[in-house]
Amino acid sequence: MPYFQSSTALALPVKIATWNLNSIRARLPRVLAALERHEPDLLCVQETKSMNDKFPYEELAEVGYVASAHGQKTYNGVALLLRSGEGQLENVRNGFEGNPIPEQARVISGVFNGIQIVNAYVVNGKEVGDPKFEMKLAWLDALDVWLKKEFDPTKPFLICGDFNITPDDRDVWDVEKWQGRIFCTDRERAFVQGLHDWGLQDLQRKFSDEAGLFTWWDYRGGSHPRNLGLRIDLMLASKTLASNCVAFEVDREERRKSTGEGAPSDHAPVIAQFS
DNA sequence: ATGGTTGGTCGCCAA
């Protein structure tokens, strides 16, 4: 049954977050601390780099979260972390129909409090000209076909995650350096533009049109303190849901250097509040 | 063009 036939009524308020963890086990103390700090009703995570049999379900349960994981050995991996007792998460599905690389765990979806949600970890693509870049475009094309077949952008709908695409030049720390390069090509940006044309709104852009609102900073070269980053972690919502988005935050502090909780991910958590 | 850093896993590949 397509998701748009789901009859669950929209139930607000909810706080929804997305975060590329770069390993859920290496990041676990920081994940637990961030859950207690932000108290999201649903946290969508990417790059868990964990098979389900090694997923830290019990540690998450101790801080009140129930995980639905779509894992894989060594690479990729996505999951939905639901705050216990705070909402309904139904119809959870791993992957998507038509995926040209189904062995890579990059998409998990479900219906949360009446919101159709897709959590995606888009193929990186390595560099323009590499076969992996062509696979990225083929993967995006297949995801686009599935989204438009499976979901209804006139209903409450959200796609979030690590897009590995900068929507436009404001989302790039050095436009000249990145011109035409991976994450910044017209062919990649056409995917995001196509979702706008379909009826989705970039929730961060509802609140600010500033340049430099980054969500990812390279581990190398001290890029975070100098704010040499990219905005590639996005939350795109249908208009009916976007109209209920009352706050948006990038937890840039979380990306700062090591604490007693260990090293940070190279991505910051991104959080949206709906009322 | 290369390098720099991190993680999974244990020699590299991926990001």
If we take the [atom1] atom in both [N] and [M], what is their distance in whole Å?
N: B/dA1; M: B/dC12; atom1: P; result: 25 Å
N: B/dT6; M: B/dT2; atom1: P; result: 23 Å
N: B/dG4; M: B/dG8; atom1: P; result: 22 Å

Do the rings of [X] and [Y] sit parallel, tilted or perpendicular, given the 30° and 60° boundaries?
X: A/Trp178; Y: A/Trp173; value: perpendicular
X: A/Phe214; Y: A/Trp217; value: perpendicular
X: A/Trp198; Y: A/Phe157; value: perpendicular
X: A/Phe96; Y: A/Trp139; value: perpendicular

**Q.** A/Arg170 and A/Glu210 ion-paired at < 4.0 Å
**A.** no

Q.
Check A/Glu134 with A/Arg187, please: is the shortest side-chain N to carboxylate O separation under 4.0 Å?
A. yes

Q: Between A/Lys177 and A/Arg25, just flag the one whose closest nucleotide in DNA chain B comes earlier from the 5' side.
A: A/Lys177

Q) Which comes earlier along DNA chain B counting from the 5' end, the contact point of A/Asn20 or that of A/Lys54, where each point is its nearest nucleotide? A) A/Lys54

Q) Any donor-acceptor pair under 3.5 Å linking the side chain of A/Arg30 with the backbone of A/Glu261? A) no

**Q.** Near-strand residues of residues 129-136 of chain A, defined as heavy-atom separation under 4.0 angstrom from DNA chain B
**A.** A/Lys132

Q) Under a 4.5 Å cut-off applied to non-hydrogen side-chain atoms, are A/Arg252 and A/His224 in contact? A) yes

Could you write out each protein N or O paired with an N or O of nucleotides 5-7 of chain B at a distance under 3.5 Å?
| from | atom 1 | to | atom 2 | distance (Å) |
| --- | --- | --- | --- | --- |
| B/dT6 | OP1 | A/Lys257 | NZ | 2.3 |
| B/dG7 | OP1 | A/Arg27 | NH1 | 3.2 |
| B/dG7 | O3' | A/Ser23 | OG | 3.2 |

